[in-house]
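For reference, the structure is listed below as structure tokens.
Side chains included, hydrogens not; waters and symmetry mates left out as well; all remaining heavy atoms used.
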Amino acid sequence: MMITRALEAIIQARLHKGKVIVLIGSRQVGKTTLIKSLLANDNYLFLDGDDSTVVDLLANANTEVLRSIVGNYKYVFIDEVQRIPNIGLKLKIIVDQIPDVQLLVSGSSALDINNLTQEPLTGRKFEYQMFPVSWNEFEYNVGMIKSQQQLEVRMLYGMYPDVINNLGDEYEILKNLVGSYLYKDVLSLTGIRKAEVLEKILQALAMQVGSEVSYNEIAQLVGVDKNTVNNYIDLLEKCFVVFRLNSFSKNLRNEIKANRKIYFYDNGVRNMILGNFNALEFRHDKGALWENFMISERMKLLAYSNSLAKPYFWRTTSQQEIDYIEVAADQVSAFEFKWASTKKAKLPKPFLETYVPHFMVVNSDNFRDFLK
């Protein structure tokens with residue numbers, strides 16, 4: 001099934017504006033498929049950054065060589081652009097010197113892409129992050145009833161396109177994805193040398209989804225120092241494996257200010273790291289799975305809608321807490337995640353009186369409203 005992606009219309013509207021289209025996101029989320037679909041009816045030049053011949057050709061190309069490479073093409077698509085040295089300068093030359101060409105580039109590491117393109121492409125790019133398939137994209141393509149029927153499957157196996165398109169083979173696909181991307185690509189992209197440390201940190205993060213993360217505790221568990229843990233987690237964020245939520249603190253004296261929670265962009269990746277695909281009815285981490293699923297889906301919604309809302313969680317020194325906070329302008333919204341619709345929740349009185357928030361308990365019956 002060819003899944004229509006939210007970014008397709010967004011990027012289509014940005015073509016031929018005199019800027020490079022930069023598409024970032026982890027491997028296998030569908031970046032290459034999306035761009036090739038956009039250009040399907042056009043004659044375009046495809047350059048693969050994983051091809052050593054392409055890398056050698058572009059790495060040392062001057063303006064005239066670049067003109068020769070581009071030729072009469074009106075579209076140029078460079079995939080895995082972070083593999084090519086000094087690519088930012090090459091892209092700048094093409095944008096400035098060959099203005100009739102629409103450049104589109106994709107990459108799997110925000111760290112490398114930003115290092116290579118940040119300064120040369122200042123004012124010359126539109127940048128978008130692509131995620132695994134969002135719930136709204138999934139529902140749009142398969143329909144409300146079928147998507148609802150697959151809710152528990154998606155919570156367990158996640159939303160990567162290849163996983164969605166191969167019911168029954170999810171385990172093998174995720175095993176290959178995690179093995180090749182997390183434990184090979186991330187290591188090579190980031191220069192990390194200790195795969196066993198990376199694996200232990202990922203396992204620790206997977207077990208702490210929904211809880212505040214202590215870098216000191218992880219450091220002691222893994223046997224490295226706190227700074228190493230911080231560096232590894234920062235790199236995992238830049239490779240689109242995990243993301244963090246900071247604590248919300250504004251008015252109350254006992255609000256915790258410096259803590260963070262860390263979530264995975266995809267439930268399937270998280271479960272593969274733990275090696276646990278047991279059905280929900282047999283899992284003790286059902287609440288954590290639901291929370292990770294809903295918050296990662298909300299991140300996709302905020303990104304694709306170009307929202308300015310800021311995400312947080314909230315907790316006090318007296319252990320009062322709220323799963324998820326969103327602040328847009330002066331409006332504060334608070335959310336609690338409960339898989340079962342029979343479970344109730346209410347806001348702590350100090351938070352309610354101080355911030356006067358919108359409040360919603362997000363469960364398996366009403367979650368579609370949360371993702372609109």
From CA spacing to verdict: side-chain hydrogen bond (donor to acceptor under 3.5 Å, both in side chains), Gln150, Gln148: CA-CA 5 Å; Gln150 287 194 34; Gln148 196 79 21; over 6 Å; no
Mind running side chain to side chain contact (heavy atoms under 4.5 Å, CB included) on Met294 and Leu371 for me, showing each step along the way? CA-CA 8 Å; Met294 284 295 98; Leu371 300 181; 4.1 Å; yes
Please evaluate residues Asn271 and Asn267 with respect to the criterion side-chain hydrogen bond (donor to acceptor under 3.5 Å, both in side chains), reporting the C-alpha separation (whole Å), side-chain torsions for both, the decisive distance (0.1 Å), and the verdict. CA-CA 6 Å; Asn271 289 333; Asn267 272 32; over 6 Å; no
side-chain hydrogen bond (donor to acceptor under 3.5 Å, both in side chains) evaluation trace for Gln102 with Tyr44: CA-CA 10 Å; Gln102 173 62 63; Tyr44 66 94; over 6 Å; no
Evaluate the criterion side chain to side chain contact (heavy atoms under 4.5 Å, CB included) for residue pair Ile10 and Leu7; output intermediate values, then yes/no. CA-CA 5 Å; Ile10 295 171; Leu7 281 176; 4.0 Å; yes
Leu34 vs Leu23, side chain to side chain contact (heavy atoms under 4.5 Å, CB included): CA-CA, chis, key distance, verdict: CA-CA 10 Å; Leu34 171 61; Leu23 185 59; 3.9 Å; yes
Report the C-alpha separation of Thr316 and Ser318 in whole Å, then their side-chain angles, then the decisive distance to 0.1 Å, and conclude whether the side-chain hydrogen bond (donor to acceptor under 3.5 Å, both in side chains) test is met. CA-CA 5 Å; Thr316 68; Ser318 57; 2.9 Å; yes
Intermediate values then yes/no, side chain to side chain contact (heavy atoms under 4.5 Å, CB included), Leu45 and Ile69: CA-CA 9 Å; Leu45 174 63; Ile69 293 170; 3.9 Å; yes
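Between the Arg67 side chain and the Ile98 main chain, no donor and acceptor come within less than 3.5 Å of each other. Looking only at distances, no side-chain donor or acceptor of Lys31 sits under 3.5 Å from a matching main-chain atom of Met130. No donor-acceptor pair closer than 3.5 Å links the side chain of Asn230 to the backbone N or O of Lys226. Checked by atom type and distance alone, the side chain of Asp285 never pairs as donor or acceptor with a backbone atom of Met207 at under 3.5 Å. Of the possible donor and acceptor atoms, none in the side chain of Lys90 sits under 3.5 Å from a partner among the backbone N and O of Asn60. Formation of a donor-acceptor pair under 3.5 Å by the Glu255 side chain with backbone atoms of Lys250 is found in this model. Under a 3.5 Å cut-off, the side chain of Gln331 and the backbone N or O of Ala328 do not form any donor-acceptor pair. Side-chain N or O atoms of Lys19 include one that pairs as donor or acceptor with a backbone N or O of Gly123 at under 3.5 Å. Panel note: side chain Arg283, backbone Asn276; a donor-acceptor pair is recorded below 3.5 Å.
Between Phe293 and Trp135, the ring planes are perpendicular. Angles over 60° get that label, and only those under 30° would be called parallel. Below 30°, between 30° and 60°, or above 60°: for Phe131 and Tyr265 the angle between ring planes is between 30° and 60°, a tilted geometry. Ring planes of Tyr171 and Phe277: perpendicular class, angle over 60° (limits at 30 and 60°).
Cluster membership check: Val163 shares its hydrophobic cluster with Leu151, using side-chain heavy-atom separations under 4.5 Å among Ile, Leu, Val, Met, Phe, Trp and Tyr. One hydrophobic cluster holds both Val133 and Met1 under the rule that ILVMFWY side chains link at heavy-atom gaps under 4.5 Å.
For the pair Ile78 and Ile87, the tightest heavy-atom approach, listed with the atom from each and the gap, is CD1-CD1, 4.4 Å. Looking at every heavy atom in both residues, Lys257 comes nearest to Ser249 through CG-OG, 3.1 Å. Residues Gln129 and Phe240 approach most closely at NE2-CD2, 3.3 Å, considering heavy atoms. Between Thr32 and Asp79, the shortest heavy-atom distance links the atoms OG1-OD2, 2.7 Å. Nearest heavy atoms, Tyr160 versus Val29: CE2-CG1, 3.6 Å. Residues Ile35 and Val105 come closest through the heavy atom pair CD1-O, 4.5 Å.
The side-chain contact (heavy atoms from CB on, under 4.5 Å) test applied to Thr33 returns Met2, not counting sequence neighbours. Listed by chain and number, the residues in a side-chain hydrogen bond (donor to acceptor under 3.5 Å, both in side chains) with Asp169 amount to none (sequence neighbours excluded).
Counting only N and O atoms by type, the side chains of Asp225 and Asn227 include no donor and acceptor under 3.5 Å apart. For the residue pair Glu291 / Tyr324, no side-chain donor-acceptor distance below 3.5 Å is found, with atom types taken as modelled. In this model, no donor atom of one side chain and acceptor atom of the other lie less than 3.5 Å apart for Thr354 and Asn251.
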Quick one: side chains of residues 332-350, donor-acceptor pairs under 3.5 Å with protein atoms, not counting sequence neighbours, listed by atom name and distance.
residue, atom, partner, partner atom, Å
Glu336, OE2, Asp323, N, 2.8
Ser341, OG, Asp365, OD2, 3.0

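Using a 4.0 Å cut-off between charged side-chain N and carboxylate O, Glu172 and Lys175 make no salt bridge.
Once rounded to the nearest 0.5 Å, the distance linking NZ of Lys300 with CD1 of Ile295 reads 13.0 Å. Between Lys92 atom NZ and Leu103 atom CG the span is 13.0 Å, to the nearest 0.5 Å. Rounded to the nearest 0.5 angstrom, Ile233 CD1 and Leu198 CG are separated by 10.5 Å.
Annotation: His284, atom NE2; neighbour count of heavy atoms from other residues, nucleotides and ligands within 6.0 Å does not exceed 12.
A cation-pi arrangement is absent between Arg270 and Phe264 under the rule of less than 6.0 angstrom and at most 45 degrees off the ring axis.
Note on residues 196-223: no pairs pass ring-ring contact (aromatic ring centres under 6.0 Å, His included), not counting sequence neighbours. Within the structure, the salt bridge (charged side-chain N to carboxylate O under 4.0 Å, His left out) test picks out the following pairs touching residues 137-160 (sequence neighbours left out): Arg5-Glu137, Glu139-Arg368. Residues in residues 77-108 take part in these ring-ring contact (aromatic ring centres under 6.0 Å, His included) pairs, two or more places apart or across chains: Phe46-Phe77.
For the pairing with Arg83, the salt bridge (charged side-chain N to carboxylate O under 4.0 Å, His left out) check across Asp51, Asp48, Asp50, Asp56 returns one residue only, Asp50.
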